[in-house]
Every structure is written in C-alpha cells, then in structure tokens.
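First comes the structure, then the notes that go with it.
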Amino acid sequence: MATRNIIIAPCGNKSYLFKESWLREKGKKDFDVCLLFYHEQINNPGLYEEVEFFYHLKGFKYFMLYELFTKVRPEWLDQYDHFYFLDDDIDIDTLQINTLFSLSKAFRSAISCASLSKDSFCSWPIFRQQPDSFCRFVGQIEVMAPLFSSEALRLCLPSFTGNRSSWGIDSVWSKMLGYPKDRLIVFDDVVMKHTLPVGGGELYQKIQVDPHKDWDDVVTKFSARKQNYFEYGRLQRVNEKHSRMLFLMVRARGLWNKIERAWRDYDLWSRIVSKKNKIIKG
C-alpha cells in the first residue's frame, strides 16, 4: 500500500462519476478507491476492475461504512491516515482530490470538505465556494462528502448507525469532536459539484422514514446541537485579483514600513554628519 489516503464511496448500477471524474487521471492519483455496492444485482462487474477494493454490502452509505470498519476491514483504521466518504453523485476530479488530501494533512483537519461549485445542488449555502477565501473554519461538515482523519473517524464511528437516513449525524460529529473552532474546514481552493437534487436519490425512496424526525432523534440521542453551520474564521486570499482593497492597504503598509525602517537606520545625527562632509568636500 503506497498511499495513506483512501476514498470509500457507495456505488450502484447507475454510478459513473468514480470512473469519469475521480479516476480521470488515474496515473496521478495519490489515493486508493473502495466502492461499496448497494444494489442487489451487479449489472456490469467489469466496470469496477480499476478500483483497488470493491465490496457488495447492499446497504445505506453509513451503515456500509460502519460494517466495513467493524467487520470487514477494521485494520484500515491503522493503515490509512485520511478517509474520503464521497456520495456517488459528486463530481470532483483526480487532482482536486489529491489537493484536498494534501491540504487536510497540512492543516491537520479533523473533518474537511471541498467547496461546492455555483452550479451545484446545495442544502447549506455555507458550503458554496467563496472565491476570495482559501479556506474557512466552520462548526459542521455535512454528510455528503466529508474527509476524515483517522483520529476523528475513530471518535465518530459509533454515530454512523445513529439513524437510517444519516440526516443529523454530522451534527453529532461536531459534538463528538468537542465543537472545535479550527479543525472542521471547508477548502475553497478545492471545488466539487453536487450533480443531483438534494433528497432526490434512491435513498429517500428506500429508507421509509421521515429524515427530519431522524435528524431530531439522533441529536437528542447524542445530546448534540441540531445544527452548527457557523463560520468561525477564514484564510482570505489577498492579491491583485482577490480582496484588492485589502491587498493595496497591505502594500501601502509595507512601503511605509520600509520608509520608517530607513529613517530609523539613518538617524538625524548621521544625516547631519553626511551633509557636513558633502559641504566640506564640495
């Protein structure tokens, strides 16, 4: 195993983005891919030969993940450092995925995600890309496409079977991690597209429960806040294209500091002596 990063995603007979987008530049990827098949019948087994791992678990996303980590491959919690749980309707290419793994490692995030493109179907506007931002520190990362550190995954794993719909378990993650203000990160430098309407997938036809009630029940069970979609801070892009006024203020301040430093280094007495010497020589 050459990489310490892995994508683990649900997959069905209609899934295609794992091949067309995630593995678009397969030779450059810095991650393994594991697909968890949820349909009863696999129509085209050959379609999945390019991925490293494939398991036919026939369940809901987070129930399959829980089964994978507790029964099928519990050793992965030690073998990988970062786990990316993408929905199969997320369009994000190979290099963007590599970048997200690298940034998550560099920033030591507990849970992170890419930002959503302008043309994405979106539930929470806080996740849309902010062009002037590099990244934002938030109170909650939603269930659609979270990237976990191994440490955070161990802590949050008991919540994965908290309900059938998975609505609200992201609220529980924030509670389990102690509501950190600097370790749940949206990286605006990385962009993904959510290609299908929220609530329109096969999941909602199968669960046969009210996801809103599911949400209420799971946050009550774990004594968590119902939602914590707040921004605590951000790293702002400051250059000629982004935050231009702030950029000009910083440039002006730098110029003033340079003048001030030169003035201090070349004090009044030194200037008098220099002027006197020039007069004498002249």
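- Of the inter-residue distances, the one linking F54 atom CZ with E49 atom CD reads 11.0 Å to the nearest 0.5 angstrom.
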Distance-only check: which donor-acceptor pairs under 3.5 Å involve side-chain atoms of residues 175-182, not counting sequence neighbours?
| residue | atom | partner | partner atom | Å |
| --- | --- | --- | --- | --- |
| K175 | NZ | F222 | O | 3.0 |
| K175 | NZ | S223 | O | 3.0 |
| Y179 | OH | R225 | N | 2.9 |

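- The shortest heavy-atom contact between E25 and L95 is OE2-CD1, 3.5 Å.
- Remark: side-chain polar atoms of S149 are paired, donor with acceptor, to backbone N or O of A152 under 3.5 angstrom.
- Clustering ILVMFWY residues whenever any of their side-chain heavy atoms sit less than 4.5 angstrom apart, transitively, puts V191 in a cluster other than the one holding F85.
- Put simply, the side chain of H56 gets close to the backbone of H39: a donor and an acceptor are under 3.5 Å apart.
- Judged as a ring pair (Phe, Tyr, Trp, His ring centres under 6.0 Å), the pairs with a partner in residues 5-25 (not counting sequence neighbours) are, in order, F18-Y48.
- In this view, K58 and E40 satisfy the salt bridge (charged side-chain N to carboxylate O under 4.0 Å, His left out) rule, not counting sequence neighbours.
- Heavy atoms only, all atoms of each residue included: N5 and T3 are closest at N-OG1, 3.1 Å.
- In this structure K26 satisfies the side chain to side chain contact (heavy atoms under 4.5 Å, CB included) test together with K29, E50, sequence neighbours excluded.
- Salt-bridge check for D214 with R164: failed, with every basic side-chain N at 4.0 Å or more from each acidic carboxylate O.
- Using a distance-only test at 3.5 Å, with no hydrogens or angles considered, a donor-acceptor pair links the side chain of N13 to the main chain of N43.
- Proximity of R73 to Y55: side-chain heavy atoms (C-beta onward) are separated by under 4.5 Å at one or more points.
- Within the structure, the side chain to side chain donor-acceptor pair (under 3.5 Å) test picks out the following pairs touching residues 186-196 (sequence neighbours left out): D89-H194, D119-K193, S133-D188, R136-D188, D189-R237.
- For D30, there are no salt bridge (charged side-chain N to carboxylate O under 4.0 Å, His left out) partners two or more places apart in sequence or in a different chain.
- The main-chain N or O of D91 is never found under 3.5 Å from a side-chain atom of S21 such that the two would form a donor-acceptor pair.
- Grouping the Ile, Leu, Val, Met, Phe, Trp and Tyr side chains by contacts below 4.5 angstrom, directly or via other members, places L155 with L65.
- Closest non-hydrogen pair, S112 versus I141, comes out as O-CG2, 3.9 Å.
- Put simply, the side chain of Q129 never gets that close to the backbone of S117: no donor and acceptor are under 3.5 Å apart.
- Q227 contributes a side-chain N or O that, together with a main-chain N or O of Y229, makes up a donor-acceptor pair within less than 3.5 Å.
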